[in-house]
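Since the structure comes first, as structure tokens, the remarks are kept for the end.
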Amino acid sequence: MTEILIQGGRIITAVDDYRADILIKDGRIDTIAREIHSDTATVHDASNLFVLPGGVDVHTHMEFPLGSAETCDTFETGTRSAAFGGTTTIIDFALQKKGETPKQTLDQRLAVAQPKACVDYSFHLILTHITPQTLAELPDLINRDGISSFKMFMAYPGVLMVEDADIFRSMRTVGNHGGMINLHAENGGVIQVLIEEALAQGNTSPKYHSLTRPRIMEAEATHRAIRLAELAEIPVYIVHLSAKEALDAVVEARDRGIEAYAETCPHYLFLTIEEYDRPGFEAAKFVMTPPLREADCQHALWRGLKFDDLQIVSTDHCPFCFNENPFGINRSKQLGRDNFEQIPNGAPGVELRIPLLFDGGVLTHRLSLNRFVQLTATAPAKMFGLFPRKGTIAVGSDADIILFDPQKSHIISASTHHSNVDYSLYEGRSVTGKVEKVFLRGKLIVDGDQWYGTPGSGQFLRRSASGRV
Ligand code: URP
Ligand code: ZN
Ligand code: ZN
């Protein structure tokens, strides 16, 4: 039996903050006590360190196809990068292609991830073709395969967008069996008109990505998504919420007792629309959907995190290199050099969520330490059917643990991160708070700059119900 003893650390969960030792046996937390002594365990000294539950990032896109493009992190490089940032569980996406049943989609995605994943993982299944057969398969997917959440797009007409009627049908089927629909909420039809107008006027630069995706069209779709869920009488989850007006729609619904939930992402908390004024094609690095917003949205998002109008911070890690080499044009922003609509949408960040939120949230007193843990580990695990196996430090839980130095500063740079992507949204930014050691089910996988994880050692997680928090 493998035994690990973490001694002298300050354990922080979503509700607790205390000093104790942790004994891990066979990958699970066996004992938590004031002082534990063992002759057989490997000891890790955690004095002066925080002991946090491993992060749960419920929005990543590893080797993910998006039109003719594909993200530049494989499951191996992307999950290694996640681990260096303290994330030990991801929920990625499996995209239903034309003619595929959801079960076929899941099986294919599993085959890609299984040999490579270095942290534990699951998928949200992206539903793009709603047929009676699709709907008939969903109950088994939820209750047998443990896929209890499904993403649907209200944007990208002709590519990923689905009609309201299909969203409503899916909500009813999924909701009645313990699942939840996650919505990409932007009014795709109207945005398409704006894109076509911009291009017709010769406006092809990356800035027009932002100018053609207005805040109120995110708000409109968010409101519509919530109303559909209200009628279907099931919970709903809005992904990558960025606009104040969209948050207002969530707040209004929650005040009425509707089970509307939402996540935001670090880039909306730390960056603004001004990034699109960068010269030349540089602004393409910041082309993600929804786009970066004005500073008033940031204030609203921080407030939403504090008062639980927003429940989760995920990364929407969707990395495309800036340069064509070495991974090719299809993994690069250069696809849209002459036309902003062709720039692959997405930005990197899986390694930075925990350090950024600690530095810019806890140290600035916007968030308490407990809330920080709740937003990055506990709430995502609860929302998506992984708790209490994941998301906390408790006897019986998986020993996914971070030893975190709250005083150590470091400079964010693409030259030192572990993703394949060749830039960072935060290049040169100094942050205080550093992930020192990471344990995945009791196995040390990160120790300072050293990597001890192995591709394929991440486990697929069958999840229980989503949205029942
Ligand atoms: O720009 C983004 N967010 N790309 C990833 C796909 C999505 O919509 O989440
Ligand atoms: Zn999306
Ligand atoms: Zn995404």
Side-chain angles (χ1 to χ4, degrees), residues 57-73 78 82 90-96 109 121-128 149-162 167 181-188 191-192 195 206 208-210 212-213 217-218 221-222 225 236-243 246 261-269 271 273 275-276 283-293 312-322 330-333 335-336 340-350 353 380 384 419 421 423 425:
D57 187 346
V58 297
H59 193 149
T60 66
H61 300 269
M62 308 306 178
E63 47 193 295
F64 183 77
L66 206 57
S68 62
E70 184 171 322
T71 55
C72 66
D73 266 324
I90 60 165
I91 307 185
D92 204 274
F93 292 88
L95 172 65
Q96 182 194 23
R109 196 68 173 146
Y121 62 98
S122 175
F123 302 107
H124 311 283
L125 206 135
I126 299 177
L127 295 171
T128 55
S149 49
F150 299 83
K151 181 173 177 181
M152 300 183 86
F153 282 83
M154 302 169 89
Y156 305 120
V159 190
L160 295 168
M161 190 169 113
V162 281
I167 294 174
I181 300 287
N182 305 348
L183 269 316
H184 176 128
E186 288 183 301
N187 186 317
I191 286 169
Q192 202 54 37
I195 291 172
Y208 285 87
H209 170 75
S210 130
T212 53
R213 305 190 93 91
M217 286 301 97
E218 185 187 346
T222 302
V236 64
Y237 184 83
I238 309 297
V239 297
H240 48 47
L241 188 145
S242 68
Y261 304 110
E263 65 179 21
T264 191
C265 312
H267 37 265
Y268 303 123
L269 295 167
L271 303 170
I273 192 167
E275 302 294 348
Y276 299 114
K285 293 177 177 172
F286 300 83
V287 167
M288 78 285 283
T289 306
L292 300 173
R293 305 296 192 185
I312 290 174
V313 178
S314 68
T315 59
D316 194 3
H317 177 76
C318 189
F320 298 97
C321 286
F322 184 66
N330 289 340
R331 291 184 177 75
S332 157
K333 295 282 187 185
L335 270 175
F340 71 89
E341 197 187 9
Q342 304 301 323
I343 301 171
N345 287 190
V350 76
R353 184 179 64 130
F384 291 104
S419 160
V421 75
Y423 73 96
L425 297 177

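Note that the numbering runs from 1 along the sequence shown for the chain. As the structure lists them, so they are numbered: ligands from 1, and atoms in each ligand from 1. Here the structure is a predicted model, which is why all the values come from computation and not from measurement.
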Counting only heavy atoms closer than 4.0 Å, does ligand 1 sit against the backbone of [X], its side chain, both, or neither?
X: Lys151; result: side chain
X: His184; result: side chain
X: Thr289; result: both

Short N/O/S contact of His59 with the Zn ion (ligand 3) (below 2.8 Å):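 So His59 does bind the Zn ion (ligand 3) by this criterion.
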
Contact check: His184 to the Zn ion (ligand 3), N/O/S below 2.8 Å: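 No, outside the cut-off.
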
Under 3.5 Å: N/O of Met288 near N/O of ligand 1: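 Between Met288 and ligand 1, no N or O pair is found under 3.5 Å apart.
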
Of all the atoms in ligand 1, which lie at a distance below 4.0 Å from a heavy atom belonging to [X]?
X: Cys318; answer: 4 (N), 5 (C)
X: His59; answer: 9 (O)
X: Asn345; answer: 1 (O), 2 (C), 4 (N), 5 (C)
X: Asp316; answer: 2 (C), 3 (N), 5 (C), 9 (O)

Electrostatic pair Glu218-Arg213, nearest N-O below 4.0 angstrom: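 Between Arg213 and Glu218 there is no salt bridge, as every charged N stays at least 4.0 Å from the carboxylate O atoms.
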
Audit row: Ser419, Asp73, side-chain hydrogen bond (donor to acceptor under 3.5 Å, both in side chains) steps and yes/no: CA-CA 6 Å; Ser419 160; Asp73 266 324; 2.7 Å; yes

Heavy-atom pair with the smallest gap, counting every atom of [X] and [Y]:
X: Thr71; Y: His61; result: OG1-O, 3.1 Å
X: Pro266; Y: Val313; result: CD-CG1, 3.7 Å
X: Gly349; Y: Thr315; result: O-CG2, 3.4 Å
X: Val162; Y: Leu127; result: CG1-O, 3.9 Å

Parallel, tilted or perpendicular, as decided by the 30° and 60° cut-offs, for the rings of Tyr276 and Phe286: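 If you compare the ring of Phe286 with that of Tyr276, the planes turn out perpendicular.
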
Mutual orientation of the aromatic rings belonging to Tyr208 and Phe340 [parallel < 30°, tilted 30-60°, perpendicular > 60°]: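 Rings of Tyr208 and Phe340: tilted, 30 to 60°.
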
The Zn ion (ligand 3) to Asp316: nearest N/O/S atom name: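 Atom name of the closest N, O or S in Asp316: OD1.
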
Contact check, Phe93 vs ligand 1, heavy-atom distance below 4.0 Å: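 Phe93: no contact with ligand 1 (<4.0 Å).
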
Metal site the Zn ion (ligand 2): N/O/S of Lys151 inside 2.8 Å: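 Coordinating: yes.
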
Stacked cation flag Lys285 on Phe322, 6.0 angstrom / 45 deg: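 Judged by the rule, Lys285 and Phe322 form a cation-pi pair.
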
Of the N, O or S atoms in His240, the one nearest the Zn ion (ligand 2):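 Among the N, O or S atoms of His240, the one closest to the Zn ion (ligand 2) is NE2.
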
